[in-house]
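First up is the structure itself, then whatever we jot down about it.
So that the names make sense, note that chain A is the first sequence line, chain B the second, and so on, each numbered from 1.
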There are 2 protein chains.
Amino acid sequence: MDTDVTEFIQGVWELPKEVLEEFCKSFQLLDIPKDYFLLREGKVCKHIWVIHRGLVRHFYTDEKGKERNTWFSAEYSFTSNVISLLNQNASRESIQLLEDSIIYAIPQATITALQQKHHSFCRWYIKMLESFYFAQIDQRVDELQFLNATERYHNLLERAPTFSRRISLGNISSYLNISQETLSRIRSGK
Amino acid sequence: MDTDVTEFIQGVWELPKEVLEEFCKSFQLLDIPKDYFLLREGKVCKHIWVIHRGLVRHFYTDEKGKERNTWFSAEYSFTSNVISLLNQNASRESIQLLEDSIIYAIPQATITALQQKHHSFCRWYIKMLESFYFAQIDQRVDELQFLNATERYHNLLERAPTFSRRISLGNISSYLNISQETLSRIRSGK
DNA sequence: AAAGGCATTTGATCTACATCAAAAAGTTAT
DNA sequence: ATAACTTTTTGATGTAGATCAAATGCCTTT
């Protein structure tokens with residue numbers, strides 16, 4: 001187990017050493033290439049993933065067959081399809097790597113078991129949800145409801161400066177809900 | 001304490017009787033008139049509210065001074081400004097009653113204290129966040145990103161059929177991010 | 001270096017929805 | 001009932017950003 005990752009876990013909320021160990025030893029280390037799918041639409045999500053190095057996109061395919069990105073996650077973040085994970089029902093989204101990545105897979109079974117077993121783990125989990133899910137999704141609602149195309153783009157640049165280098169224009173425009181052509185014009189400054 | 005409310009609390013996740021009692025006895029019963037503010041922009045959110053009867057809107061005031069609704073909550077739902085509550089920082093939103101309402105206020109201090117004290121309470125709290133926050137906000141992102149004005153309106157009608165009777169057109173249009181005029185035309189079927 | 005395959009840019013139109021303005025309908029107070 | 005609001009509707013016009021189409025630029029592979 002990488003010390004970076006245990007530190008990352010501990011950074012969320014300090015777990016007792018033995019609980020941390022029990023937790024981390026259930027992680028599965030994945031070293032996987034670009035384009036690989038962590039999750040496919042229609043499957044039940046069975047993991048929370050911690051990205052150690054790399055980048056993924058969340059997307060789904062609309063009625064017209066167009067892929068629409070809903071999220072990106074990069075190194076040192078948790079990623080999962082929370083809705084499918086919680087309800088253990090079919091996911092509407094897929095999750096795919098945009099770069100060769102090193103990822104820890106945390107089984108859903110571990111999360112459930114440790115919640116039952118350890119009070120401290122519940123507190124860790126609450127903190128994790130709060131800081132890695134709420135904070136982000138709240139921002140997302142905000143930018144979708146209140147910002148225009150140009151503002152959404154600049155907002156993303158600020159929040160995640162590396163994305164504009166690492167993610168293609170087409171993938172970014174899909175996430176921002178802007179056509180590729182319009183985003184190209186925005187980026188060139190009109 | 002109303003048995004309806006304890007049942008509602010128990011419906012989230014079954015709490016041991018003594019924890020439930022400790023929890024419920026901290027609730028403060030509010031019987032307050034239309035237009036009252038549960039929370040004002042700039043203040044720190046100190047409660048989660050359970051609406052027993054009535055209706056509230058969440059909104060903030062934009063740079064041009066226009067009020068923009070972000071959420072409605074009606075009877076038998078939890079409502080709060082989660083971001084302000086969690087970080088105990090100034091809220092950007094206000095929460096105001098749209099109808100005379102009966103509401104239970106759960107102090108943030110209770111939530112924090114019971115989380116520390118009871119494993120079972122943490123499990124209740126996780127369930128509450130999952131079912132009353134995630135599920136809803138996820139839907140919200142979806143409708144904002146992928147639906148057009150007409151679809152957003154019909155989506156709301158389905159999700160909350162009573163709202164179109166109880167909430168003025170202006171307040172609905174603001175929430176849906178549609179101008180009042182356009183919503184009027186949509187509603188009249190063009 | 002040439003050829004093929006993507007990703008990005010540029011230009012010309014089109015459209016969903018906003019904005020502005022005013023009339024009509026509904027509500028509340030005198 | 002009449003006046004004075006407030007909310008909703010209707011009509012005319014404006015615009016951000018989509019869509020369609022074609023050109024350009026950029027990697028690969030040979």
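Side chain of Arg185(A), nearest nucleotide from dA12(D), dT9(C), dG11(C): dG11(C). The side chain of Gln180(A) lies closest to dT9(C) when the candidates are dC17(C), dT9(C), dA18(D). When each of dT9(C), dT10(D), dC17(C) is scored by its nearest atom to the side-chain atoms of Leu169(A), the top-ranked nucleotide is dT9(C). Of the candidate nucleotides dG17(D), dT9(D), dT19(C), dT9(D) has the atom nearest to the side chain of Ser184(B).
Rounding to whole angstrom units, CD1 of residue Ile167(B) and C1' of dT6(D) are separated by 18 Å. Atom pair Leu176(B):CG and dA16(C):P shows a separation of 18 Å (rounding to whole Å applied). Atom CG in Leu183(A) sits about 17 Å away from atom P in dA16(D), given to the nearest Å. Between Lys34(B) atom NZ and dT27(C) atom C1' there is a gap of 11 Å when expressed in whole angstrom units. Following rounding to the nearest Å, Arg68(A) (CZ) and dA18(D) (C1') show an atom-to-atom distance of 11 Å. One atom, CD1 of Ile186(A), and another, P of dG17(D), lie 7 Å apart when rounded to the nearest Å. Ile178(A) has its CD1 atom 13 Å from the P atom of dT19(D), to the nearest Å. As rounded to whole Å, 12 Å separates atom P of dA16(C) from atom CD of Glu151(B).
Looking at Glu181(A), its side chain comes within 3.5 Å of the base of dC20(D) through a donor and an acceptor atom.
The distance from the OG atom of Ser120(A) to the CD atom of Glu14(A) is 11.0 Å, given to the nearest 0.5 Å.
Ser168(B) comes within contact range of the sugar-phosphate backbone alone, with a heavy-atom separation under 4.0 Å but no base atom that close. Counting non-hydrogen atoms under 4.0 angstrom, Asn177(A) reaches the backbone sugars and phosphates but no base.
For dG17(D), the OP1/OP2 oxygens have no side-chain nitrogen or oxygen of Thr182(A) closer than 4.0 Å.
A ring-ring contact (aromatic ring centres under 6.0 Å, His included) with Phe132(A) is found for exactly one of Trp49(A), Phe78(A), Trp124(A), namely Phe78(A). For the side chain to side chain contact (heavy atoms under 4.5 Å, CB included) with Arg187(B), the lone residue among Ile172(B), Leu169(B), Thr150(B), Leu157(B) that qualifies is Leu169(B).
When the side chains of ILVMFWY residues are joined at heavy-atom separations under 4.5 Å, either directly or via intervening members, Leu85(A) and Val44(A) end up in two distinct hydrophobic clusters. Taking hydrophobic clusters as Ile, Leu, Val, Met, Phe, Trp and Tyr residues chained together by side-chain heavy-atom distances below 4.5 Å, Leu38(A) does not share a cluster with Tyr133(A).
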